[in-house]
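In what follows, a single structure is set out as C-alpha coordinates and then discussed.
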2 protein chains.
Amino acid sequence: MGVAKKELFTKEQNQIAAIAKALSHPARIAIVQALLKSDACVCGYLVEQTGLAQSTTSQHLKELKNAGIIKGSVEGVNVCYCIDEKNWNKYKQLFNKFFAAFENTDKQCC
Amino acid sequence: MGVAKKELFTKEQNQIAAIAKALSHPARIAIVQALLKSDACVCGYLVEQTGLAQSTTSQHLKELKNAGIIKGSVEGVNVCYCIDEKNWNKYKQLFNKFFAAFENTDKQCC
DNA sequence: ATATTTAATCGCAATATTACGATTAAATAT
DNA sequence: ATATTTAATCGTAATATTGCGATTAAATAT
(Lines give C-alpha, C1' and ligand atoms only; values in the text may rest on other atoms or scores of the structure.)
Protein backbone atom coordinates (compact mmCIF):
# COMPACT_ATOMS: atom_id res chain seq x y z
CA MET A 1 0.00 0.00 0.00
CA GLY A 2 1.33 3.48 0.81
CA VAL A 3 -0.56 4.83 -2.15
CA ALA A 4 -3.68 6.97 -1.74
CA LYS A 5 -6.94 5.57 -3.15
CA LYS A 6 -7.90 8.60 -5.22
CA GLU A 7 -10.61 6.75 -7.14
CA LEU A 8 -12.81 6.74 -4.05
CA PHE A 9 -13.10 10.51 -3.96
CA THR A 10 -14.49 13.33 -6.02
CA LYS A 11 -12.46 15.40 -8.42
CA GLU A 12 -12.76 18.39 -6.12
CA GLN A 13 -11.64 16.44 -3.06
CA ASN A 14 -8.62 15.15 -4.94
CA GLN A 15 -7.80 18.63 -6.21
CA ILE A 16 -7.97 20.28 -2.81
CA ALA A 17 -5.84 17.47 -1.38
CA ALA A 18 -3.29 17.81 -4.19
CA ILE A 19 -2.84 21.55 -3.65
CA ALA A 20 -2.68 21.06 0.10
CA LYS A 21 -0.01 18.43 -0.47
CA ALA A 22 2.07 20.83 -2.54
CA LEU A 23 1.83 23.32 0.34
CA SER A 24 2.52 20.73 3.04
CA HIS A 25 6.22 21.49 3.52
CA PRO A 26 7.56 24.63 5.22
CA ALA A 27 10.27 25.03 2.57
CA ARG A 28 7.61 25.24 -0.10
CA ILE A 29 5.65 27.77 1.93
CA ALA A 30 8.87 29.75 2.31
CA ILE A 31 9.46 29.64 -1.45
CA VAL A 32 5.94 30.79 -2.24
CA GLN A 33 6.10 33.58 0.32
CA ALA A 34 9.47 34.70 -1.05
CA LEU A 35 7.93 34.90 -4.52
CA LEU A 36 4.92 36.78 -3.17
CA LYS A 37 7.03 39.28 -1.27
CA SER A 38 10.15 39.91 -3.25
CA ASP A 39 10.95 40.93 -6.79
CA ALA A 40 13.85 38.48 -6.88
CA CYS A 41 12.91 35.12 -8.25
CA VAL A 42 15.98 33.34 -9.58
CA CYS A 43 16.47 29.81 -8.32
CA GLY A 44 19.70 30.67 -6.50
CA TYR A 45 17.90 33.25 -4.39
CA LEU A 46 15.25 30.71 -3.45
CA VAL A 47 17.95 28.22 -2.46
CA GLU A 48 19.27 30.87 -0.06
CA GLN A 49 15.77 31.48 1.28
CA THR A 50 15.14 27.84 2.12
CA GLY A 51 18.53 27.17 3.66
CA LEU A 52 18.46 23.73 2.07
CA ALA A 53 20.82 22.19 -0.48
CA GLN A 54 20.44 23.29 -4.09
CA SER A 55 19.25 19.87 -5.19
CA THR A 56 16.67 19.70 -2.43
CA THR A 57 15.33 23.15 -3.22
CA SER A 58 15.17 22.23 -6.88
CA GLN A 59 12.99 19.26 -5.95
CA HIS A 60 10.62 21.47 -3.98
CA LEU A 61 10.41 23.88 -6.90
CA LYS A 62 9.50 20.99 -9.16
CA GLU A 63 6.64 19.98 -6.89
CA LEU A 64 5.26 23.50 -6.72
CA LYS A 65 5.53 23.69 -10.50
CA ASN A 66 3.78 20.34 -11.00
CA ALA A 67 0.95 21.53 -8.78
CA GLY A 68 0.61 24.63 -10.96
CA ILE A 69 1.39 27.00 -8.10
CA ILE A 70 4.52 28.46 -9.67
CA LYS A 71 6.02 28.58 -13.13
CA GLY A 72 9.62 28.96 -14.26
CA SER A 73 11.37 30.46 -17.24
CA VAL A 74 15.00 30.27 -18.31
CA GLU A 75 16.81 33.62 -18.34
CA GLY A 76 20.29 33.01 -19.68
CA VAL A 77 22.16 30.98 -17.13
CA ASN A 78 19.49 31.56 -14.48
CA VAL A 79 15.98 30.21 -14.06
CA CYS A 80 13.35 32.64 -12.87
CA TYR A 81 10.33 31.42 -10.93
CA CYS A 82 7.10 33.21 -10.19
CA ILE A 83 3.59 32.58 -8.94
CA ASP A 84 1.25 31.23 -11.61
CA GLU A 85 -1.29 34.03 -11.26
CA LYS A 86 -4.17 32.30 -13.03
CA ASN A 87 -3.92 29.09 -11.02
CA TRP A 88 -3.20 30.99 -7.82
CA ASN A 89 -6.53 32.80 -8.06
CA LYS A 90 -8.29 29.53 -8.86
CA TYR A 91 -6.74 27.79 -5.87
CA LYS A 92 -7.44 30.78 -3.66
CA GLN A 93 -11.13 30.54 -4.53
CA LEU A 94 -11.13 26.79 -4.00
CA PHE A 95 -9.69 27.11 -0.50
CA ASN A 96 -11.81 30.11 0.41
CA LYS A 97 -14.88 28.14 -0.56
CA PHE A 98 -13.68 25.10 1.37
CA PHE A 99 -13.08 27.09 4.54
CA ALA A 100 -16.24 29.16 4.09
CA ALA A 101 -18.41 26.02 4.19
CA PHE A 102 -18.52 26.24 7.97
CA GLU A 103 -21.28 28.76 8.58
CA ASN A 104 -24.63 27.26 9.56
CA THR A 105 -23.36 26.63 13.06
CA ASP A 106 -26.74 25.38 14.26
CA LYS A 107 -25.73 21.74 14.32
CA GLN A 108 -24.87 20.68 17.83
CA CYS A 109 -24.23 16.99 17.47
CA CYS A 110 -21.13 16.95 19.69
CA MET B 1 16.83 11.61 5.73
CA GLY B 2 13.11 11.86 4.95
CA VAL B 3 12.46 14.25 7.82
CA ALA B 4 11.56 17.88 7.19
CA LYS B 5 13.97 20.51 8.59
CA LYS B 6 11.41 22.56 10.46
CA GLU B 7 14.01 24.53 12.39
CA LEU B 8 14.94 26.43 9.24
CA PHE B 9 11.53 28.04 8.92
CA THR B 10 9.30 30.46 10.76
CA LYS B 11 6.54 29.40 13.11
CA GLU B 12 3.96 30.62 10.63
CA GLN B 13 5.50 28.72 7.75
CA ASN B 14 5.55 25.55 9.81
CA GLN B 15 1.97 26.06 10.90
CA ILE B 16 0.63 26.63 7.40
CA ALA B 17 2.55 23.56 6.22
CA ALA B 18 1.21 21.46 9.09
CA ILE B 19 -2.41 22.33 8.37
CA ALA B 20 -1.88 21.80 4.66
CA LYS B 21 -0.39 18.41 5.47
CA ALA B 22 -3.44 17.43 7.48
CA LEU B 23 -5.56 18.38 4.46
CA SER B 24 -3.30 16.67 1.94
CA HIS B 25 -5.30 13.45 1.57
CA PRO B 26 -8.65 13.21 -0.23
CA ALA B 27 -10.08 10.97 2.50
CA ARG B 28 -9.42 13.68 5.04
CA ILE B 29 -11.01 16.29 2.80
CA ALA B 30 -14.01 13.96 2.44
CA ILE B 31 -14.24 13.57 6.21
CA VAL B 32 -14.10 17.31 6.81
CA GLN B 33 -16.69 17.99 4.11
CA ALA B 34 -18.97 15.31 5.55
CA LEU B 35 -18.74 17.02 8.94
CA LEU B 36 -19.39 20.42 7.38
CA LYS B 37 -22.39 19.22 5.43
CA SER B 38 -24.17 16.60 7.51
CA ASP B 39 -25.51 16.42 11.02
CA ALA B 40 -24.26 12.88 11.37
CA CYS B 41 -20.83 12.67 12.89
CA VAL B 42 -20.28 9.24 14.44
CA CYS B 43 -17.10 7.47 13.39
CA GLY B 44 -19.01 4.65 11.66
CA TYR B 45 -20.70 7.11 9.34
CA LEU B 46 -17.36 8.64 8.42
CA VAL B 47 -15.95 5.19 7.67
CA GLU B 48 -18.83 4.76 5.18
CA GLN B 49 -18.13 8.17 3.68
CA THR B 50 -14.46 7.43 3.00
CA GLY B 51 -14.97 3.94 1.63
CA LEU B 52 -11.79 2.88 3.41
CA ALA B 53 -11.27 0.29 6.13
CA GLN B 54 -12.27 1.23 9.66
CA SER B 55 -8.68 1.19 10.88
CA THR B 56 -7.53 3.39 8.02
CA THR B 57 -10.30 5.91 8.58
CA SER B 58 -9.51 5.94 12.27
CA GLN B 59 -5.96 6.88 11.41
CA HIS B 60 -7.11 9.76 9.22
CA LEU B 61 -9.39 10.96 12.00
CA LYS B 62 -6.43 10.92 14.35
CA GLU B 63 -4.39 13.11 12.03
CA LEU B 64 -7.20 15.63 11.64
CA LYS B 65 -7.59 15.66 15.41
CA ASN B 66 -3.87 16.14 16.01
CA ALA B 67 -3.91 19.08 13.63
CA GLY B 68 -6.76 20.61 15.60
CA ILE B 69 -9.15 20.57 12.66
CA ILE B 70 -11.67 18.25 14.29
CA LYS B 71 -12.43 17.08 17.80
CA GLY B 72 -14.09 13.92 19.04
CA SER B 73 -16.20 13.00 22.04
CA VAL B 74 -17.33 9.62 23.27
CA GLU B 75 -21.10 9.09 23.22
CA GLY B 76 -21.79 5.72 24.74
CA VAL B 77 -20.45 3.11 22.41
CA ASN B 78 -19.99 5.63 19.58
CA VAL B 79 -17.48 8.41 19.05
CA CYS B 80 -18.80 11.65 17.64
CA TYR B 81 -16.51 13.91 15.63
CA CYS B 82 -17.04 17.51 14.67
CA ILE B 83 -15.19 20.51 13.30
CA ASP B 84 -13.19 22.37 15.94
CA GLU B 85 -14.88 25.71 15.35
CA LYS B 86 -12.33 27.90 17.08
CA ASN B 87 -9.34 26.42 15.25
CA TRP B 88 -11.27 26.24 11.99
CA ASN B 89 -11.78 29.99 12.01
CA LYS B 90 -8.14 30.53 12.90
CA TYR B 91 -6.95 28.31 10.07
CA LYS B 92 -9.42 29.88 7.69
CA GLN B 93 -7.93 33.28 8.42
CA LEU B 94 -4.40 31.94 8.10
CA PHE B 95 -5.08 30.51 4.65
CA ASN B 96 -7.10 33.48 3.49
CA LYS B 97 -4.20 35.72 4.45
CA PHE B 98 -1.72 33.43 2.75
CA PHE B 99 -3.66 33.39 -0.51
CA ALA B 100 -4.49 37.09 -0.30
CA ALA B 101 -0.79 38.02 -0.30
CA PHE B 102 -0.82 38.00 -4.08
CA GLU B 103 -2.19 41.42 -4.91
CA ASN B 104 0.40 43.98 -5.91
CA THR B 105 0.73 42.38 -9.31
CA ASP B 106 3.13 45.07 -10.55
CA LYS B 107 6.21 42.86 -10.36
CA GLN B 108 7.04 41.54 -13.77
CA CYS B 109 10.24 39.63 -13.18
CA CYS B 110 9.27 36.61 -15.31
C1' DA C 1 -21.93 -13.09 33.37
C1' DT C 2 -21.62 -13.15 28.44
C1' DA C 3 -22.18 -11.48 23.88
C1' DT C 4 -22.23 -7.68 20.82
C1' DT C 5 -21.08 -3.28 18.97
C1' DT C 6 -17.94 0.40 18.18
C1' DA C 7 -13.66 2.47 17.50
C1' DA C 8 -8.59 2.76 18.74
C1' DT C 9 -4.23 0.59 18.32
C1' DC C 10 -0.71 -2.82 16.74
C1' DG C 11 1.95 -5.04 13.28
C1' DC C 12 3.15 -5.29 8.82
C1' DA C 13 3.90 -4.46 3.71
C1' DA C 14 4.06 -1.26 -0.12
C1' DT C 15 5.06 3.10 -1.52
C1' DA C 16 6.21 8.12 -1.05
C1' DT C 17 8.87 11.92 0.81
C1' DT C 18 12.89 14.42 2.27
C1' DA C 19 17.57 15.36 1.95
C1' DC C 20 22.16 15.39 0.17
C1' DG C 21 26.30 14.78 -2.79
C1' DA C 22 27.66 13.85 -7.39
C1' DT C 23 26.89 14.33 -12.03
C1' DT C 24 25.04 16.41 -16.11
C1' DA C 25 23.58 19.99 -19.38
C1' DA C 26 23.26 24.52 -20.94
C1' DA C 27 24.58 29.23 -21.08
C1' DT C 28 27.97 32.60 -20.63
C1' DA C 29 32.79 34.26 -19.67
C1' DT C 30 37.62 34.17 -20.47
C1' DA D 1 38.41 26.15 -27.05
C1' DT D 2 38.09 26.10 -22.12
C1' DA D 3 36.49 27.43 -17.69
C1' DT D 4 32.81 28.92 -14.90
C1' DT D 5 28.19 29.49 -13.33
C1' DT D 6 23.59 27.88 -12.73
C1' DA D 7 20.11 24.63 -12.04
C1' DA D 8 18.11 19.94 -13.19
C1' DT D 9 18.59 15.13 -12.53
C1' DC D 10 20.46 10.73 -10.64
C1' DG D 11 21.47 7.67 -6.98
C1' DT D 12 20.98 6.58 -2.40
C1' DA D 13 19.79 6.56 2.62
C1' DA D 14 16.59 7.66 6.25
C1' DT D 15 12.09 8.32 7.47
C1' DA D 16 7.00 8.98 6.80
C1' DT D 17 2.59 7.75 4.84
C1' DT D 18 -1.10 4.77 3.39
C1' DG D 19 -3.73 0.78 3.89
C1' DC D 20 -5.41 -3.46 5.83
C1' DG D 21 -6.36 -7.34 9.00
C1' DA D 22 -6.10 -8.68 13.69
C1' DT D 23 -6.42 -7.46 18.26
C1' DT D 24 -7.78 -4.76 22.15
C1' DA D 25 -10.69 -1.91 25.18
C1' DA D 26 -14.86 0.06 26.52
C1' DA D 27 -19.75 0.52 26.55
C1' DT D 28 -24.08 -1.49 26.10
C1' DA D 29 -27.28 -5.47 25.34
C1' DT D 30 -28.93 -9.97 26.36
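Lettering follows sequence order; numbering is per chain, from 1.
Within the nucleic acid shown, K21(A) comes within 4.0 Å of sugar-phosphate atoms alone, with no base atom in reach, counting heavy atoms only. If you check every strand for non-hydrogen atoms under 4.0 Å, K6(A) touches nothing.
If you check residues 42-60 of chain A against DNA chain C, the residues with a heavy atom closer than 4.0 Å are L52(A), A53(A), S55(A), T56(A), Q59(A), H60(A), listed by number.
Distance CD1 (I70(A)) to P (dA7(D)): 13 Å, rounded to an integer number of Å. Atom CD of E63(A) and atom C1' of dT17(C) are 8 Å apart (whole Å). For L64(A) and dT17(C), the CG to C1' distance is 14 Å, given to the nearest whole Å. Rounded to an integer number of Å, the gap from NZ of K62(B) to C1' of dA8(C) is 8 Å. Atom-to-atom, NE2 of H25(B) to C1' of dA16(D) comes out at 13 Å; the value is rounded to the nearest Å. Here dT6(C) presents its C1' atom at 11 Å from OH of Y81(B), a figure rounded to the nearest Å. Taking atom CG on L61(A) and atom P on dT9(D), their separation rounds to 11 Å, with Å as the unit. We find that CG of N14(B) is positioned 14 Å from C1' of dT18(C), with the value rounded to whole Å.
Residues N87(B) and G68(B) approach most closely at ND2-O, 3.1 Å, considering heavy atoms.
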Map every base of DNA chain C to its dot-bracket character, where paired means a Watson-Crick or G-U wobble contact with both distances under 3.5 Å and | marks a partner outside the strand. ||||||||||||||||||||||||||||||
Reading nucleotides 25-30 of chain C 5' to 3', which nucleotides get B (base under 4.0 Å from a protein heavy atom), which S (sugar-phosphate only), which -? --SS--
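Pairing of C41(B) with C80(B) by a disulfide is supported, the SG atoms lying closer than 2.5 Å.
Side chain of S24(B) to main chain of K21(B): a donor-acceptor pair is present (N/O by atom type, distance under 3.5 Å, no hydrogens or angles). Panel note: side chain T50(A), backbone V47(A); a donor-acceptor pair is recorded below 3.5 Å.
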Dump the intermediate steps for side chain to side chain contact (heavy atoms under 4.5 Å, CB included) on L23(B) and I69(B), then the final yes or no. CA-CA 9 Å; L23(B) 298 174; I69(B) 295 171; 3.8 Å; yes
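No more than 12 heavy atoms of other residues, nucleotides or ligands lie within 6.0 Å of NZ in K6(A), so this atom counts as exposed by the packing criterion.
Of the side-chain N and O atoms in K65(A), none sit less than 4.0 angstrom from OP1 or OP2 of dA8(D). Taking only side-chain nitrogens and oxygens, N78(A) comes nearer than 4.0 Å to OP1 or OP2 of dA7(D).
Along DNA chain D, the nucleotide closest to S24(B) and the one closest to V79(A) are compared, and the more 5′ of them pairs with V79(A).
Under the ring-ring contact (aromatic ring centres under 6.0 Å, His included) criterion, Y91(A) pairs with no residue, sequence neighbours left out. For K97(A), the side chain to side chain donor-acceptor pair (under 3.5 Å) partners two or more places apart in sequence, or in a different chain, are E12(A).
Every pair passing salt bridge (Lys or Arg N to Asp or Glu O under 4.0 Å) that includes a residue from residues 46-64 of chain A is listed here, sequence neighbours excluded: R28(A)-E63(A).
No path of Ile, Leu, Val, Met, Phe, Trp and Tyr side chains, each step under 4.5 Å between heavy atoms, connects L36(B) with F9(A), placing them in separate hydrophobic clusters.
Aromatic ring centres of W88(A) and F98(B) lie closer together than 6.0 Å.
Contact check for E85(A) versus F102(B): side-chain heavy atoms found under the 4.5 Å cut-off.
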